[in-house]
Amino acid sequence: MRKIILLMVVAALSACGKVQMPTNCKPIDAQPNIFPDYVSVTIPCNIAPLNFMLADTVLPIVVEAKNDNGFSYVLKNCQGKVLWPAKVWEKLKNGKTISITIAVQNADGSYSQYQPIVQHVVPDSVDSYLAYRLINTGYVLWEKMGLYQRCLENFEQSPIIESQSVNRACINCHTFCNNNPNTMMFHTRMHNGGTNIIYNGKVQRYNTKTPISMSAGVYSSWNPNGYLLAMSTNAISQQFTSGGDDRIFVSDRASDIVLLNMKTNTLTTCPRLSTPDLENLPAWAPDGKTLYYITRKKRDTYPMQNPQAEDLYDLCRITYNVDDNSWGSVDTVLRSSQVGASISFPKVCPTNGRYVALTLANRGYFAIQNKQSDIALLDVETGELTKPQINSNFAESNHAWSSNGHWLVVGSKRIDGVFTRPFIAYFDANGNFGKPFVVPQEEPDFYKNFLLNFNNSDFMICPVPKTQIELRNSVRGKIIQVEADASVNVDALSGATNINK
Amino acid sequence: MQKKITLFGIAVVYLTLFAYVFFKIDPSLFDYYQNPSFVLDAQYFADVVKVPGGMAYYMSQFVEQYFVYKFQGAVLMVLMALVVGWLSVLSVRKVASNRLLIELFAFVLPAVFSAVAWIDLLYAFSIHISLIFGLLAFLAFANAPEKWRQLVFVALVLLVYHISGPLFLYMFGLMSLISVCKMVADRKTIIKHQIIILLVTVMYPIVCYSFLLPLTPKQAFLNIFPESPLFKSCTIKAEHVALLSYVPVLLIFASIGVNKFSQRLRIIIASLAMVAVFGVSFGYAAHVENPVLRVSVQVRKASYYEDWNRVIDLALNNRHSCKVYERYINQCYNLALAKTGQMGSMLFNYPQMLGIDGMFIESPMVGEICMPSSYLYKQIGFVEPALRFAYEAETNLPYSKYVLRQIVDLLIIKGDYQQAEMYLKRLDKVMLCKRFVADRRSFISGGKSKLNRDYVEQMREMQPTDVFYTNNQLTSIFNFVRKNPGNKPAYDYLLATCLLSSSVNDDSQLATFAQLLAHSPGFNASNLPKVWQEGIVAYFASCANSKTEPVELAKSIKISGALQNEFQAFSQLRAQNPKYAVTRFLHSYWTYYAFQHPSITKNSVSIK
């Protein structure tokens with residue numbers, strides 16, 4: 001009995017000893033197939049551990065990670081998973097590259113060793129938080145949904161607001177000013193409907209539907225000055241398909257762009273943004289004087305077999321003078337006919353305004369449901385449009401810049417073709433992207449099990465300053481009616497944009 | 001002797017309750033309608049229990065999942081009522097002992113009120129679990145040592161509020177308030193205890209709402225069961241109030257002295273009260289019973305199990321016996337006809353009051369229509385809309401075994417095994433679904449499975465290769481059938497849809513009907529089913545009226561002389577005595593076409 005106990009103690013002590021890479025491994029002339037794909041990715045210095053697993057096997061592995069500062073660490077896992085301890089990951093990230101060598105145990109107890117994989121660490125940090133909406137795969141109904149914030153430096157996720165606390169209202173289209181949630185908005189629809197805005201330290205619900213707007217605000221963008229909010233107003237419809245690549249086509253019967261001034265609580269527009277054409281998806285340039293948006297001609301009907309040809313958006317911009325509330329002329333920046341695709345979701349790089357990231361799709365603007373959609377980068381100085389190597393065979397859209405302009409988060413369906421996951425790509429000073437990586441999760445197989453979409457991911461420099469209870473109270477509380485700018489001579493219901501109600 | 005009689009009485013009551021539950025209520029209908037799923041997942045558990053009453057709901061799902069088996073379900077339901085009864089007796093004894101009559105009431109009332117409550121297929125069984133916890137908390141409070149009682153009470157308030165929900169907290173507070181008079185002798189101490197009880201009971205939900213939990217006011221103060229899509233329209237009903245309040249009422253009776261009455265008088269009063277309770281309860285139950293919903297769920301369940309003859313029997317029998325019309329029944333009936341090849345002969349034996357909206361129930365879009373719509377499309381072989389509706393259903397009921405099974409099978413048919421595996425992993429967390437999961441995994445890996453491979457192949461071949469919109473059901477199914485002209489159920493569904501879209505006001509689809517009919521699978525021009533013949537007769541009459549030439553292919557169709565004579569009689573009656581025309585030709589297409597099309601009757605779907 002004593003011997004057995006002694007043996008157990010020895011075994012336990014030896015198990016506690018330092019793990020070492022096995023010697024005499026049989027080399028494999030390939031890199032391991034890992035999930036998520038973190039091979040050769042460029043990552044920020046403040047990202048959470050990039051845990052991963054072998055994609056095809058659950059065999060025991062021994063992993064050695066080294067950085068170019070000389071730090072190395074060996075870990076062992078029985079299920080083919082690589083789960084970095086937080087402290088180890090911190091040290092690994094101190095270098096410029098992390099080299100990871102994996103040895104997998106064979107059935108006979110021997111080991112085979114893959115070629116090492118490399119991850120590049122850059123000193124440009126990413127904003128610490130990512131905000132997104134988690135939604136189901138259904139397109140019409142909703143039940144439980146919410147806005148969530150995820151700390152990118154660790155694995156903590158917390159709700160900003162969940163629909164259960166506001167009578168199951170639909171919560172959508174969150175937007176932050178300069179990536180700072182101290183000025184932000186999100187909409188609630190159906191129950192307790194309105195636009196909920198955190199501004200000047202207070203949170204308040206607004207009704208942005210006025211006589212000059214066909215609907216309440218939908219897609220929005222904050223002017224960097226922090227008090228002007230450009231919003232589209234849309235009459236949206238959905239068409240479901242019999243199969244093929246895309247299950248659904250979302251299109252608008254009409255849309256305009258309006259501007260909400262938080263200082264005066266007034267909604268204004270200009271005739272050039274509220275034409276019978278379909279102006280949509282406003283996006284401010286960092287100078288606060290240029291508003292990008294997309295537009296297309298209005299059609300009454302769409303041909304059944306080839307609707308693509310009728311549903312292509314151009315990219316435009318218009319100048320705006322904050323001081324006297326005056327608008328300049330419209331400049332068509334990029335025509336769909338030039339690129340052979342519909343342009344949507346313009347997002348201007350916040351550091352210099354030179355680059356506009358946008359989505360190109362074969363039709364419409366609701367690109368995330370369009371398998372063909374890809375991210376493209378427009379250099380507005382040279383007019384050059386490139387498709388960076390951050391795209392896949394599946395939909396990429398709903399992108400957003402980090403506050404330092406070095407990171408782009410992209411909603412991509414590349415993992416399984418169905419669910420949208422947030423991928424982050426590095427953008428260097430020369431205008432080149434690194435290989436994107438999916439936001440790391442504590443459990444490597446998270447994205448194989450998680451049946452919700454990460455919708456509209458956006459960076460935040462800090463957590464939302466209001467608690468769920470405060471936001472709930474606002475959503476359930478008094479609603480403030482936004483006043484229409486009396487000087488605007490546009491009647492959305494019967495004038496510029498003629499909608500059949 | 002008295003005790004034996006009492007026990008015998010209780011046994012009779014609960015055995016009767018069992019028979020009532022087994023034969024009349026049928027627990028399996030709750031299972032089918034409520035989709036209970038007991039999920040073994042930490043995140044799911046955390047989400048459920050964060051709402052007051054969530055724990056009771058979670059536990060009720062454990063019990064309710066066995067309702068899929070009728071006998072076990074009935075046993076469990078009666079067992080729940082029995083436990084409530086037993087705990088009620090123990091609670092009453094804490095206030096006054098040797099009160100046999102009150103104890104009898106405490107045992108019988110839960111059975112009676114449960115029987116009434118269970119008549120409602122939307123009854124939330126978490127109420128019974130909450131009640132059990134509320135009563136257990138009261139017993140713990142009553143048994144607590146005097147010096148710890150206040151502290152115990154505060155702890156129990158927290159437990160009852162979070163496990164059972166706010167209304168059960170109020171019940172527990174009220175019971176404690178009543179009982180404290182009997183437990184404490186000193187008047188001052190009684191008042192002190194009562195103030196604490198009152199304060200804590202009232203204040204704790206307020207504190208939770210204001211500072212601790214992001215709840216709605218209803219969740220914080222008034223929920224009798226946690227909100228869920230299924231119970232969205234449910235409000236607190238009389239039977240819920242009865243279940244909540246009978247123990248406090250009995251405690252009041254037990255605590256006040258009624259010894260001044262003679263034993264005989266007490267028995268008479270109690271007997272009268274018992275009769276009154278039974279009378280009022282069952283009168284109320286008869287009043288609130290929703291036979292339409294019951295039949296509808298029976299029909300939907302039979303449709304799910306592809307028992308088409310039962311679907312047809314249930315629909316027609318209940319139509320004749322109690323004039324039940326409901327569009328879910330209508331849709332299942334139509335599908336059953338399509339699946340059994342009887343569409344052309346029996347379509348109008350059940351009233352098609354909503355026209356196309358009785359064929360396809362997808363508009364207006366609400367949670368309840370999703371699974372029936374998904375089943376419909378799957379049954380006629382059209383996978384993409386079936387999957388779309390299944391996904392919508394999953395939004396509402398993310399862990400429903402029926403929804404997840406449907407999604408998995410549709411994804412397997414689509415050949416999307418990667419996504420099917422994702423849903424299998426979720427389904428694997430639902431207790432009682434392990435066998436299904438193993439079976440479908442076996443299919444995916446090429447092993448033996450209950451899912452027939454020939455069926456899957458057949459379904460795959462049916463899927464359209466060209467892309468078209470499916471929002472308009474008529475054009476959608478038309479396009480689907482164009483790819484699958486040999487798919488008789490789908491073809492019959494299309495023919496019926498064409499007929500139902502036509503009326504005297506707009507009969508443009510009759511020409512399509514005639515053309516399609518001539519190309520239908522197994523078409524025999526001289527031996528067409530009655531409804532199809534009636535449609536052709538209406539079409540010829542329409543052509544004659546508008547002086548247009550009938551489509552060439554339809555000309556070959558032979559209409560029996562008898563039917564032609566009937567149409568003449570109908571046309572004459574329609575002009576002279578429309579009411580009689582409707583009565584005499586109730587089950588004919590002509591009546592629908594001339595009198596009962598929704599554009600004429602203005603029937604439409606109403607959503608509560």
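Convention: sequence-line order gives letters A, B, ...; per-chain numbering from 1. Just so it is clear, the model here is predicted, and its values are computed rather than measured.
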Non-hydrogen side-chain atoms of [X] and [Y] separated by less than 4.5 Å:
X        : Y        : answer
B:Pro214 : A:Ile161 : no
B:Lys425 : A:Lys448 : yes
B:Gln418 : A:Val418 : no
A:Asn449 : B:Met422 : no
B:Glu384 : A:Arg247 : yes
A:Lys144 : B:Pro398 : no

With a 4.5 angstrom heavy-atom cut-off, is it the side chain or the backbone of [X] that approaches chain B, or both, or neither?
X        : value
A:Phe450 : backbone
A:Glu162 : side chain
A:Asn473 : side chain

In Å, rounded to the nearest 0.5 Å, how long is the span from [atom1] of [X] to [atom2] of [Y]?
X        : Y        : atom1 : atom2 : value
A:Asp416 : B:Asp416 : CG    : CG    : 8.0 Å
A:Ser242 : B:Tyr469 : OG    : OH    : 10.5 Å
A:Leu451 : B:Glu394 : CG    : CD    : 6.0 Å
A:Gln239 : B:Asn471 : CD    : CG    : 4.5 Å
A:Gln164 : B:Asp47  : CD    : CG    : 7.0 Å
A:Ile248 : B:Arg388 : CD1   : CZ    : 7.5 Å

Notebook entry, point to check: Quick one: what part of B:Lys50 sits under 4.5 Å from any heavy atom of chain A, side chain, backbone, both or neither?
Noted result: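 Side chain of B:Lys50 only, per the 4.5 Å heavy-atom cut-off to chain A.
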
Next item on the list: Pick one of side chain, backbone, both or neither for B:Ser210, based on which atoms fall under 4.5 Å of a heavy atom in chain A.
Entry: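 Backbone only.
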
Note to self: A cation-pi test, strictly: NZ or CZ of A:Arg472 under 6.0 Å from the centre of the six-membered ring of B:Tyr209 and no more than 45 degrees from its axis. Yes or no?
What the structure shows: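 The answer is yes, since A:Arg472 meets both limits relative to B:Tyr209.
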
Margin query: Counting only heavy atoms not in A:Gln157 (residues, nucleotides, ligands), do more than 12 fall under 6.0 Å from its CD?
Written below: yes

Notebook entry, point to check: Looking at B:Leu213 and A:Ile469, what are the two nearest heavy atoms and their distance?
Noted result: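 Taking B:Leu213 first and A:Ile469 second, the nearest heavy atoms are N-CD1, 3.7 Å.
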
Check: Can you check side-chain contact (heavy atoms from CB on, under 4.5 Å) on A:Asn136 and B:Glu392, steps first, answer last?
Finding: CA-CA 8 Å; A:Asn136 286 83; B:Glu392 296 291 350; over 6 Å; no

Item checked: Option in A:Thr137, A:Asp245, A:Leu141 with maximal non-hydrogen atom pairs under 4.5 Å from chain B -> A:Leu141

Check: Which one, B:Phe382, B:Tyr423, B:Phe389, leads in non-hydrogen pairs under 4.5 Å with chain A?
Finding: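 Option with the greatest count: B:Tyr423.
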
